[in-house]
Amino acid sequence: MVTTAPTPLEERLLALAGSVPDPELPVLTLAELGVVRGVHVSGPSRVEVELTPTYTGCPAIEAMSADIERVLHEHGMADVEVRTVLSPAWSTDDISAEGRRKLAEFGIAPPRPHTADGPVPLTLTVRCPHCGSTDTELLSRFSSTACKALRRCVTCREPFDHFKEL
Amino acid sequence: MTTAPRTADAAALALGDDALVLSHRLGEWAGHAPVLEEEVALANIALDLLGQARVLLSLVGDEDELAYLREERAFRNVQLVEQPNGDFAHTITRQLYFSVYQHLLYDRLATTDSELAPLAAKAAKEVAYHRDHAEQWTLRLGDGTAESHERMQRGLDALWRFTGELFQPVQGLDVDGESLRTEWTAVVTSVVRKATLTVPEGPQTGAWTAGAGRQGLHTESFGRMLAEMQHLHRSHPGASW
């Protein structure tokens, strides 16, 4: 994609594509998740959208593409192409501050910011999204989806998902 | 119109087949894992690998045709990933040997100008979790009960002879096999010793083998695995749901 400054139309379409809710975590928008990389209008009512997957095998990417196409069709773009791009690789650091706040509110401990390459050492504290305690333990590195780990709060005893760092 | 085969295709096919075949093997644990958390963990690792396989095979051709319509001899995966699951310790050994290799390989590949570099950079972050999962289980089983220790050692010994193939040169893959072997050996040795287990001493290739998976030569159980994996697609071409 050519990296020229976006036109007002492109900015509007980018906002529309970014407003689509994540199919797995509907409290988050795709913009807050940080997966919409760019929008390029390449002709009258023709637009290309660059979307990056969280995990390479994430099955939600197909639903995301379909939802973006639908929203942009509804706003007059007849020809919408959603392309998957891998580079630069998505990171949990791409989730916005508002996205993190919503995750915690939804009961999912947000990812910690990266300090170095690779997984964050699991000995660092993850706060319980229910009671706020920092005394939590890892139950499994993999949970309901590839992007989450399963933890339990030692204080309130509730299990919870943790959006693990990638 | 015919185009000359690209050297990157050989590399994408080899790594794509590794990921596809191991993904299928891990998927066989669904409904059989020792605890629910492991059921979910193995399925998630399988899903990551399937995603990597789809990207890699799509660089070569039609992903479905490549996965479902090739004969055994056309697959280029290493023999390690096609080995049957065995008991849980056996599967963890396969995960340890393979995910350490894949992590080191992808990390190196990510810094090259290869067509596979973007995928490698992304997948390395996922595989870091697979490796951590395998290392933690190796420690737990090796330093667990007498029974788990014995089973883990049995797994390490049984799969050792499939590890030499990991360091063979692959066409189109600009990675130094010897430095990969040195680092892999150091990592595996450190985890295995910490788990109070013993690094196997035998040869890292079977004495009888005429070749290996990268040349399209596979072990007995692979044909049966493929038959099961491809059965639906071959019986109902173009089926979807």
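Heavy atoms only: backbone and side chains are in, while hydrogens, waters and symmetry mates are out. Proteins get letters first, then strands, A, B, ... in listed order; numbering begins at 1 in each.
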Chain B: which of A/A149, A/S87, A/A146 shares the most heavy-atom pairs with it under 4.5 Å? A/A146

Considering only heavy atoms and a distance below 4.5 Å, find which of A/L139, A/L86, A/L150 pairs most often with chain B. A/L86

Whatever's closer than 4.5 Å to a heavy atom in chain B on A/T84 counts as neither

Taking it one step at a time, do A/W90 and B/K125 satisfy side-chain contact (heavy atoms from CB on, under 4.5 Å)? CA-CA 10 Å; A/W90 181 85; B/K125 302 204 290 177; 5.9 Å; no

Flag yes if more than 12 heavy atoms outside [X] fall under 6.0 Å of its [atom1] atom; otherwise flag no.
| X | atom1 | result |
| --- | --- | --- |
| B/H231 | NE2 | no |
| B/R193 | CZ | no |
| A/E11 | CD | yes |
| B/R140 | CZ | no |

With sequence neighbours left out, write down each residue that passes ring pair (Phe, Tyr, Trp, His ring centres under 6.0 Å) with B/Y106, or none if nothing qualifies. none

Who pairs with B/Q136 by side chain to side chain contact (heavy atoms under 4.5 Å, CB included), at least two apart in sequence or on another chain? A/R141, B/D132, B/L139

Checking an interface table here. Which of residues 51-70 of chain A come within a heavy-atom distance under 4.5 Å of chain B? A/P53, A/T54, A/Y55, A/T56, A/G57, A/P59, A/E62

Could you tell me how the ring of B/H130 sits relative to the ring of A/F142: parallel (under 30°), tilted (30 to 60°) or perpendicular (over 60°)? tilted

Where along residues 24-53 of chain B does a heavy atom come under 4.5 Å of chain A, listed by residue number? B/E37, B/V40, B/A41, B/N44, B/I45, B/L47, B/D48, B/G51, B/Q52

